[in-house]
Structure formats: structure tokens, C-alpha cells
Amino acid sequence: MKKLLNFSLKRFIVYASVVLAISIPVYYFFLNKLWQYELAEHDVILTDKAVREDSFLIIGTVTLLTVIFFFLLMGGLLLLNRSISRRLWQPFYDSLSRIKDFDLNKQNTVSFGETNIVEFAELNKHLHKLISGSVAAYKQQKEFADNASHELQTPLAIVQSKLDLLLQSQSLTDEQYNIIEDAGRALTRVGRINKNLLLLARIDNSQYMDTERVDLSTLLDNTISAFREFAATKQIIIKSDIAKDIEISSNRGLLDILVNNLLNNAIRHSAPDSMIEVTLSGKTLVFSNAGDEPLQYEQLFKRFSSASSQTPGTGLGLALVKQIADRYNWQVNYTFADNHHIFSLTL
Amino acid sequence: MFSMPYAILVQNKTKIPCYIRLMKILIIEDEADLAQSIAAYLADENYICEFAVNYSEALQKIETYRYDCILLDLMIPGGSGWSILKELRAQQEQNGIIIISARNSIDDKVTGLQTGADDYLAKPFHLPELAARIYSVIRRKQFATTNIIEQNEIKIDLLAKQVTIHEQEVVLTKKEFSLLLYFVSNKNKVISKSAIAEQLSGDIADMFDNYDFIYTHIKNLKRKLLDAGYGNYLKTIYGTGYKWVV
């Protein structure tokens, strides 16, 4: 890759040196002719030796002068080119640095400086159009996710209420009841997916911004004791080793969701009769549970990557974890060691 | 000048003892399907439901009539649910207000409760859950000093969270107590396992499809009540559903 300035300068230099190189024999030819003419005019006859010496002298002088002028010309060109280019291309470099700083996620539009050069003005105009188009599309997409899941809540509520009403019918058979239960279960899952999508969209839209000092140790203790009961139905034991009084600043609701999702994940994907370990020490929070083979790291934190009929989750749990961690610049990591899945969060 | 349901209420008041007088509920909700489901579910209890589908209708009704409980959707056509909430609170009536909203955001919930709502229920919800909330909001508002529910042999003191059967105290865990209240406020209704799971553990149950944990609580509750000499009112129905038959 070449810089724009060097690109034009190199051609100038090549052209100038070619022209000057050609000029040396031309000068010589004409000077020689002039010299011969003057000599003939004044009837001066030179010896062959003197003629040769004169020729060398002329060639030498012309070459020397040409080289001196070449360097003068080059030096001037270089300086002129540099200063002109710098002024000429300034708006371009301006625009470039502004585009470099642009981040779609931050939602700020780019404004370009005024320029009196037609081409750059046009370039800026179209860049601006392009960027504001992208920003609008991005915003619209985020709002769409928010609105869509939002609008779904009411129809979901209607279906839910109709199912609850249907259950009250006097003459239901067991079979009919089970159909309603199954429908209800699927509906619960839809509701859950919808809720998580809404949450993701809200975090994307920079809601839940208020932060406070949260006592992570206490929060973890509470979460673990709330989950114990669910774990117990699968004979899973939760062992915890939580350092005391560890505080972090974040949004309490989001932190709750993060911890809930990681713990829920561990319980859901553990075999019955196994153990889950939760460790908090200093700035690291680790969830580990037994497993047979490593999970695919690239797929783990993507939305809906894990959703399947076998795993009844929403497929959004870990995506949410990642999103929340990203907001606070925490590192989420997954490793597989000694037949254990280990999710760690570095605060 | 009385609307029909109010007239019925007045008539009924003379016929039946006042402690089971009909409770009047206003449903401010523009989705007719949802409002009707709620009304249908609540109809067999001592509830009479009226509807308001937009802002002006809601405002007119709350200015004209008195309700025991108001279900308020925050997003209604023609105006903001928030200003209805403020209006209601300015009236200083002893009515309960439950927000039912599609906006399940923590902020809305906090603001709602601070502005004077008594409870906040995010859509979608189970009707038994709504019934239980209405039941307890009305009790809290109207029987603030002596809040005791009696149903056959059982006495439930809502303030002290105490349960007595045949004058003998039955010690229940927090979850068993809330389960008992849930059944009592949904008597003679079929309640699905998933509705109970949601009630028992709120947001956490949300994450589980395995509802086995509810059996333990129901089994324990049933045993404690039976041991204390309470009738067997909690029936298993259709294999996995429950019904509190009184």
C-alpha cells in the first residue's frame, strides 16, 4: 500500500528525470552546433584534440547544470506537493478520522466539516447519507425487537386467560385436560422467550442504566438458597464457597438475571445426582458442573444456538449473560476440564 | 342513575349478609377478549366486573362509581394509564388498584407502586394468579385491622400469617401459607400445575419446565391440614391439576 502523496510524487520525479535526461544530448547538440557556427564565423580552426576537449567540457557542464536544476526542481516539487496536498486533502483526512471514530452501537451520527472543494463536499454528503441511513436502520431494528415482543404480550395474555378459563369447563376428560396443559406449557415457553427477547432489546437500547453498589456475596447466597429446592428435585447438590462482602457496582436487576441464568443453566444441564460448585473469590465468579464432553464455545453465547426440542430452555439465557457482562466489561469464559463445564465471570 | 350492576349490588346487599357482599371490580383494558376472560373467571366468586375500554370511559366511571378493586392497563387508547392512577389516588378511596401491564419493566413496576398502585402484574399472567392478587388486595384495603379469613374449620389470619384449625395453630412454611391462600382465593377452580409453579416461585419457576418441586409443597400442606383435622378440600383433578373444593 502506498500513501496517496508518494503516489503522485513518484510519477513527477520519474517524468522530470526522463525529461532532464533527454535534455542533456539535446543541449549538447545545440550548443555544439552554435559553437561550430561561431568558430566558422570567426574562421577559427581547432585541432581534433581541442574539439574533443570542448565536447567533453560542454557535456560535463550541461550534465552538471541539469543535475543541479533537477535537484532544485525536485526539492521544490517535493515541498510544494507536500504543502498543496496537505491543504488539498485535509477535508478528506478530516472525514476519514470522523468515520474512524464512528460506532454504530453508540448511536451518535457523524457530522462532517465544511469544505469548498466540490468533490469532497459531494463525498461528505453521501457519506453522511449512508451513515444516517445505517443509524436509522439499526435503531429501527432495535425498536422493532422491543415493539414486536411488546405487542406479543397482550395476545399471549389472551391465550393464557382462555386456557385458564377452558380448564374450568365442567365436562373435561383427562385427555382434554392434558391437551390444555400441553398447550399451556408451550405458551409458557413462548412467553419466556418473548420476555428474554424484550430484555435483550432493552439492554441493547441502553435501558437499565442506573447502577448501585450491590453486595454480590449476599445476592449469590440468596439465589443459591432459592434454587436449592429446584436442584433437589433432580438430586443435585449445590456447593458454594462465597467470599464475604464482595461489592460491585451494576444494575441489581441485571446482575440478578445474570446469576440466575448461569445457575439455572448449570442445574438444567447437570445429570441427576450430581454436584454444582459455585465459587466467588475476589473478582472471579465460577460455576462448575459435571459434563461428558465440551460444549462448542463459538455457539455458546449466540442467540438461539442451543434451542432445540431436547433442551426446553429459551436459547437466550447465555446470550443474555454475555450481553450483561459486555455492558459492564466483565469477561465471561467457558472451559472444559476434568469432565466439568466451567463458566467463569471475571469482574 | 345507577348502572345495572350497581343496582344488582344494592339489591343483593339487602338479601345476603354483608360479609359476603358482592365486590365490584372495574377492568380498564382495551383488549375485550382479555377483559371478558377475567370477568368470566371472576364471575362465580362474589365479584361483579365492569369494563372501561378507553381513557375517557375509565375516567367517567371512576368519578361516578365506587369500586372495590380496579384492574388498570397502563396503555389504553385516548390517554395515559398513569394519569388515571393519579386520579384514583387523589380520590382517597379505599379501593385496591392492580396494574396489569404488557410493560414488564422493573422501572414501571417501581413507579407504579410508588404512585399508589397496590400490586403490579405483568402480562401474560394466569387467571388464578390475578384472582389471588385481587383477593388479597381487597382484604388488605378493607379489613386493615382484623383481617381473618374463615372457611369451614379453618381460620387464616392474614396479618399475623397464622393458620388455626379447630382453635389449634397449624405451623406452615412461608410457601405453604401462600399456597393455601392461593387455593382459598381460587376455590372451586381447576388450577394447572404450571400456574401453581409460577405462584410458588415467581421468576425462578419461569426457568424450569420440571414442576416436580410443587408436589412436595402440596403434599406437605395437605398432610398438615389433614393432621389438624381439616377436611380434605384439596383435590387432585385430571391427574395433574388441583382444585380446592368447598
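Values below: every heavy atom of this structure, side chains too, minus hydrogens, waters and symmetry copies. So you know, we letter chains A, B, ... as the sequences are listed, proteins then strands, and number each from 1.
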What is the distance from atom [atom1] of [X] to atom [atom2] of [Y], rounded to the nearest 0.5 Å?
{"X": "A:R185", "Y": "B:S192", "atom1": "CZ", "atom2": "OG", "value": "9.5 Å"}
{"X": "B:L200", "Y": "A:E229", "atom1": "CG", "atom2": "CD", "value": "7.5 Å"}
{"X": "A:N194", "Y": "B:K123", "atom1": "CG", "atom2": "NZ", "value": "13.0 Å"}
{"X": "A:T154", "Y": "B:D30", "atom1": "OG1", "atom2": "CG", "value": "7.5 Å"}
{"X": "A:T188", "Y": "B:H126", "atom1": "OG1", "atom2": "NE2", "value": "5.0 Å"}
{"X": "B:I100", "Y": "A:Q153", "atom1": "CD1", "atom2": "CD", "value": "13.0 Å"}

Structural part of A:I180 lying under 4.5 Å from a heavy atom of chain B: neither

Part of A:S149 lying under 4.5 Å from any heavy atom of chain B: neither

Residue pair A:I158 / B:E31: nearest heavy atoms and the distance that separates them: CD1-OE1, 3.5 Å

Over all atoms of both residues, closest heavy-atom pair of B:L127 and A:S161: CD1-O, 3.4 Å

Neighbour count above 12 (heavy atom, 6.0 Å) for B:Y215 OH: yes

Any donor-acceptor N/O pair, B:K189 side chain to A:D164 backbone, under 3.5 Å: no

Any side-chain heavy-atom pair of A:Y177 and B:T240 under 4.5 Å: yes

Among A:T173, A:L172, A:N178, the one residue meeting side-chain contact (heavy atoms from CB on, under 4.5 Å) with B:Y238: A:L172

Residue B:K243 versus chain A: region with a heavy atom under 4.5 Å: neither

